[in-house]
Amino acid sequence: MQERLHTPFVLGTVEVPGRMFLAPMAGITDDVMRLICKRMGCAFAYTEMVSAKGYLMSEKSGQLLTTFAQERPVAAQLFGHEPQVLAQAAQKVEQEHAGKIALIDLNMGCPATKIVRNGEGSALMKNTALAGRIIEAVVKAVKLPVTVKIRKGYADGENVVAEMTRIARDSGAAAITVHGRSREQGYSGTADWEAVATAVAVGGIPVIGNGDLHTVEQMSKRMEETGCAAVMVGRGAIGNPWVFAGRTPEKRERFEVLMEHLRQEAQRRGERIAMPFMRKQVTMYIRQFPGAGKARAAINEATTIEAMQKAVEAALCP
């Protein structure tokens with residue numbers, strides 16, 4: 001069954017070479033991270049989420065849409081709560097990143113307080129009618145395929161998956177991604193994959209399953225159990241791009257990929273900014289080694305590649 005993870009399919013009009021996707025994660029899935037995951041076997045990835053309003057008002061937000069040619073096709077993920085603002089932002093993405101961005105994804109699942117407070121992200125699970133108007137407006141505004149990422153519901157015990165799947169399908173979305181947790185759960189507890197199966201049962205739209213995926217065996221099993229078209233890996237890929245390759249690397253390879261990641265980030269952002277940006281990921285790269293705990297303080301204090309390398313070497317060879 002694992003062979004199906006590598007079976008190509010069409011997402012809207014986008015030819016995707018496999019079924020393993022990398023989830024959009026703020027402060028994590030930039031172009032460097034996506035490229036490394038692509039090399040390991042990830043078939044499709046998304047930019048970090050971009051504020052539709054911020055993108056229309058400032059060039060800074062647009063920096064999150066930078067892509068490498070080698071990682072394409074890539075989706076741009078937008079968030080907001082105003083249909084016409086999102087439609088305008090999608091049009092701008094389509095025009096400014098023609099041939100680089102292949103798809104527009106709408107974030108309706110982020111649980112972060114600052115996002116939800118504005119009625120965005122998973123707050124839209126409380127206003128499914130508005131969610132539908134957003135999808136419809138964006139679909140009408142662009143030629144690119146439009147997909148949607150949702151949560152099971154807002155409060156624990158709520159389940160709007162069937163309703164949102166029908167809304168996404170009837171509004172013209174090319175696919176829907178379901179994370180089987182409520183907003184109130186955040187990332188605690190266990191993802192409910194029955195919610196993914198519920199979306200599949202609605203029919204008429206491809207479903208991408210998301211939540212608690214850490215091995216190719218889990219991915220394959222979830223696809224078989226639910227009938228979803230693809231799976232999306234989030235936290236399971238942080239510090240572990242090998243999750244897409246289905247293997248555990250030897251210590252030397254882990255060190256080399258980590259250092260490559262650090263150097264590319266330093267080249268992209270400048271060393272002073274890249275080192276704080278990479279702290280969480282470096283910690284995750286080495287978390288299974290005995291010296292990881294003791295190295296954490298040095299990792300958090302490192303401001304240069306040399307200092308970060310010394311911290312990593314101390315963790316790998318305590």
Side-chain angles (χ1 to χ4, degrees), residues 22-42 45-51 54 58-71 74 77 110 112-114 186-187 213-215 233-318:
L22 175 64
M25 292 180 283
I28 300 291
T29 53
D30 68 350
D31 48 3
V32 177
M33 168 69 165
R34 297 192 306 265
L35 186 58
I36 290 173
C37 288
K38 175 87 170 185
R39 198 170 71 221
M40 297 295 180
C42 174
Y46 301 68
T47 67
E48 301 170 67
M49 65 178 188
V50 176
S51 165
S58 167
E59 291 299 319
K60 185 176 181 180
S61 293
Q63 294 173 7
L64 297 175
L65 298 172
T66 301
T67 61
F68 290 117
Q70 303 96 308
E71 62 167 315
V74 179
Q77 191 183 68
C110 179
T113 300
K114 64 180 181 180
Y187 297 99
L213 295 173
H214 300 280
T215 66
V233 183
R235 291 172 296 156
I238 301 176
N240 184 31
W242 297 273
V243 67
F244 298 106
R247 62 184 178 85
T248 301
E250 294 183 356
K251 187 182 293 186
R252 170 50 55 182
E253 182 185 1
R254 183 176 296 276
F255 175 75
E256 289 175 351
V257 171
L258 189 163
M259 292 307 301
E260 175 193 356
H261 199 158
L262 278 174
R263 293 189 186 101
Q264 287 198 42
E265 291 291 359
Q267 183 176 5
R268 181 186 185 279
R269 302 169 183 273
E271 195 172 46
R272 182 178 61 83
I273 297 174
M275 294 307 103
F277 176 83
M278 282 295 294
R279 284 170 186 162
K280 179 178 180 179
Q281 296 209 54
V282 169
T283 299
M284 294 298 283
Y285 267 109
I286 64 172
R287 65 187 181 279
Q288 70 270 52
F289 293 93
K294 292 182 179 179
R296 188 169 291 115
I299 289 170
N300 289 336
E301 293 172 2
T303 58
T304 65
I305 290 178
E306 181 181 8
M308 192 71 83
Q309 179 173 341
K310 287 182 179 178
V312 170
E313 289 173 338
L316 296 180
C317 303

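Computation of the quantities below employed the complete heavy-atom set of this structure, encompassing side-chain atoms and omitting hydrogens, waters and symmetry-equivalent molecules.
- Under a 3.5 Å cut-off, the side chain of Ser58 and the backbone N or O of Gly54 do not form any donor-acceptor pair.
- The structure places CD of Glu301 at 11.0 Å from CE of Met308, a figure rounded to the nearest 0.5 Å.
- Between Lys251 and Leu316, the closest heavy-atom pair is NZ-O, 2.8 Å.
- The only option from Arg39, Lys38, Arg34 that meets the salt bridge (charged side-chain N to carboxylate O under 4.0 Å, His left out) definition with Glu71 turns out to be Arg34.
- Residues Thr248 and Arg254 form a side-chain contact, since some pair of their non-hydrogen atoms from C-beta on lies under 4.5 Å apart.
- Looking at every heavy atom in both residues, Leu35 comes nearest to Gln70 through CD1-CB, 3.6 Å.
- A distance of 7.5 Å separates CD in Glu313 from CE in Met259, rounded to the nearest 0.5 Å.
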(request) Test Leu64 against Thr47 for side chain to side chain contact (heavy atoms under 4.5 Å, CB included), laying out the working first. (result) CA-CA 7 Å; Leu64 297 175; Thr47 67; 5.5 Å; no

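- Side-chain contact between Gln77 and Val50: absent, with no pair of heavy atoms (C-beta onward) separated by less than 4.5 Å.
- Two residues are said to be in side-chain contact when any heavy atoms from C-beta on lie closer than 4.5 Å; Glu271 and Thr303 fail this criterion.
- Here the side chains of Glu265 and Asp30 are in contact, with some heavy-atom distance below 4.5 Å.
- The CD1 atom of Ile299 sits 10.5 Å away from the CE atom of Met278 when rounded to the nearest 0.5 Å.
- Closest approach of Met275 and Ala302 over heavy atoms only: CB-O, 3.6 Å.
- Annotation: side chain of Glu260 is not in contact with side chain of Val32 (no heavy-atom distance under 4.5 Å).
- Side chains of Gln63 and Glu59: no donor on one and acceptor on the other come within 3.5 Å.
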Under 3.5 Å, which donor-acceptor pairs do the side chains of residues 281-288 form with other protein atoms, sequence neighbours left out?
| residue | atom | partner | partner atom | Å |
| --- | --- | --- | --- | --- |
| Gln281 | NE2 | Ile28 | O | 3.4 |
| Thr283 | OG1 | Arg279 | O | 3.0 |
| Tyr285 | OH | His261 | ND1 | 2.9 |
| Arg287 | NH1 | Met284 | O | 2.5 |

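- Cys110 contributes atom SG, which lies 12.5 Å from atom CE of Met25 (distance to the nearest 0.5 angstrom).
- Heavy-atom minimum distance, Phe244 versus Gly41: CB-C, 3.8 Å.
- Judged by the 6.0 Å distance and 45° axis criteria, Arg269 is positioned over the aromatic ring of Phe277.
- Annotation: the span from Gln309 atom CD to Thr304 atom OG1 amounts to 9.5 Å, rounded to 0.5 Å.
- From Asp31, atom CG reaches atom CZ of Arg268 across 4.0 Å, with rounding to the nearest 0.5 Å.
- Between Thr215 and Val243, the shortest heavy-atom contact is N-CG2, 4.1 Å.
- Counting heavy-atom neighbours within 6.0 Å of Gln267 CD, excluding the residue itself, gives a total of 12 or less.
- Partners of Tyr46 under the ring pair (Phe, Tyr, Trp, His ring centres under 6.0 Å) rule, at least two apart in sequence or in another chain, are Phe44.
- Contact record, Ala23 with Gly234: CB-CA, 3.8 Å, taken as the closest heavy-atom pair.
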